[in-house]
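Step one of this worksheet: look at the structure below.
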Amino acid sequence: MADKIYDYVIVGAGFSGLHLADHLKNHRNKEVLVLEKSRGVGGRMATRRDGEFTFDHGAQVIENDELMNSSIKRWSDKGLLRPISSDHFSAIGGMTKLAKELAAQLNIELERKVNKISWLDNKWLIEDDQTHSWFAHQVIVTAPVPQILELLERSSIKYPKDLQQIHYAKALVFITKGESSIGESAYREISNSSIFSVSSQKLKGTSSSPCQVVVMGPEWSNTYFDESDEVIMKLGREVLKKELPELLVDDLQLKKWRYAFPLNVYHQDFLALENGLYLAGDGFSESRLNGALKSAKSLMSTLVLC
Ligand SMILES: Cc1cc2nc3c(=O)[nH]c(=O)nc-3n(C[C@H](O)[C@H](O)[C@H](O)COP(=O)(O)OP(=O)(O)OC[C@H]3O[C@@H](n4cnc5c(N)ncnc54)[C@H](O)[C@@H]3O)c2cc1C
């Protein structure tokens, strides 16, 4: 068991967790450790490489707004963004490049799934599902709300029961490789369709070789999520041929997100529980990266006052 006590342990290296860690370390001079269960940073900002193809299989684009403006400027100055409309940007080389830029100066341990947190002798003990453990004065958990609740239940930590009312849409995502004439726009959302969005990874600047990503809508995704991959691909091919006939669907890949977008959100941008334990992320604010950032920034401004 480590005897070092961090000022903050942040659970989750998604957009909200990385923003919080960046702020607390670089602007508040705090000792911060980020624990992430996956092999890489970014959470739902996720990019996969497959030979000559690179594709974002989570978040596709960033919308500029008042809160996002400083991030847009930071990444633009580093040549990481490409404008794709008057108020939307894509990440050159993929969304994880942005997460990696945020993570570069941070203390992050990957492949650490936090399993339990306990208040012990005036500090938090954080344990993963192996044998690792850490101490911190304060803990911020930024996972999707249902995963936060699993952690709190395992840790026997009380929380407001209305958190159980926050539900997420699932997302089934199809990747197609090769040239397809899906139009001139890098990214478009489709209304009144089983499809939520379609994007050209080449026009977005994600991939040098042509490939496309189709995010299926919440209704279609929820209906077929628990079918086998084989069945989902077969049904996917059928629906894509009908609704996007110009798309080549011979070489299809599938990515599944159990918690893609919050369907409803908590009535506060973050939640402070007992003894410096905080909950944040898009489930507390708004769907999308903008919501994750809003939650992180609201929590930051409260921590400044503590
Ligand atoms: C298919 C898809 C398309 C999308 N498209 C867009 C888009 O175009 N534009 C947009 O703005 N938004 C989009 N979004 C939504 C956007 O990606 C999310 O709103 C945002 O990334 C949420 O950030 P977050 O930090 O709140 O959560 P996350 O990114 O989910 O980060 C939480 C992190 O916590 C980690 N974690 C969870 N439990 C534990 C644990 N016990 N221990 C350690 N680590 C843990 C997870 O691995 C994850 O890395 C899309 C999402 C999906 C799935």
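In listed order, ligands and their atoms are each counted from 1.
- At a 4.0 Å cut-off, not a single heavy atom of Glu150 sits close enough to ligand 1 to count as contact.
- The hydrophobic cluster around Val173 extends to Phe53, Phe55, Val61, Ile84, Ile175, Tyr187, Phe196, Val213, Val215, Trp257, Phe261, counting ILVMFWY residues whose side-chain heavy atoms fall within less than 4.5 Å of a member.
- Within the structure, the closest approach of Arg112 to ligand 1 falls below 4.0 Å when heavy atoms are considered.
- Using a 30° and 60° split on the angle between ring planes, Phe15 and His19 fall in the perpendicular class, above 60°.
- With contacts defined as side-chain heavy-atom distances shorter than 4.5 Å, the pair Ile10/Leu35 does not qualify.
- Considering only non-hydrogen protein atoms, atom 21 (O) of ligand 1 sits nearest to Leu289 CD2, 3.4 Å.
- On a distance-only criterion, Ser16 and ligand 1 share at least one N/O pair closer than 3.5 Å.
- Of the candidates Ile10, Val61, Val11, it is Val61 that places a heavy atom closest to atom 7 (C) of ligand 1.
- Residue-to-ligand polar distances place Arg44 within reach of ligand 1: an N/O pair is separated by less than 3.5 Å.
- Residue Arg288 places at least one N or O, backbone or side chain, under 3.5 Å from an N or O of ligand 1.
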Sequence neighbours excluded and cut-off under 3.5 Å, please list the side-chain donor-acceptor pairs for residues 143-154, or say none.
from	atom 1	to	atom 2	distance (Å)
Glu153	OE2	Tyr159	OH	2.5
Arg154	NE	Asn115	O	2.8
Arg154	NE	Asn115	OD1	3.0

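- Between Val173 and ligand 1 there is a heavy-atom distance shorter than 4.0 Å.
- Checked against a 3.5 angstrom limit, the closest N/O atoms of Arg154 and ligand 1 fall outside it.
- Within the 4.5 Å cutoff, the side chain of Gln212 has no heavy atoms near those of the Lys177 side chain.
- Residue contacts with ligand 1: Gly291 is excluded, as none of its non-hydrogen atoms falls under 4.0 Å.
- Which parts of ligand 1 touch Lys113 is read off a 4.0 Å heavy-atom cut-off, strictly below it: atoms 41 (N), 42 (N).
- Considering backbone and side-chain atoms together, Trp257 places no N or O closer than 3.5 Å to any N or O of ligand 1.
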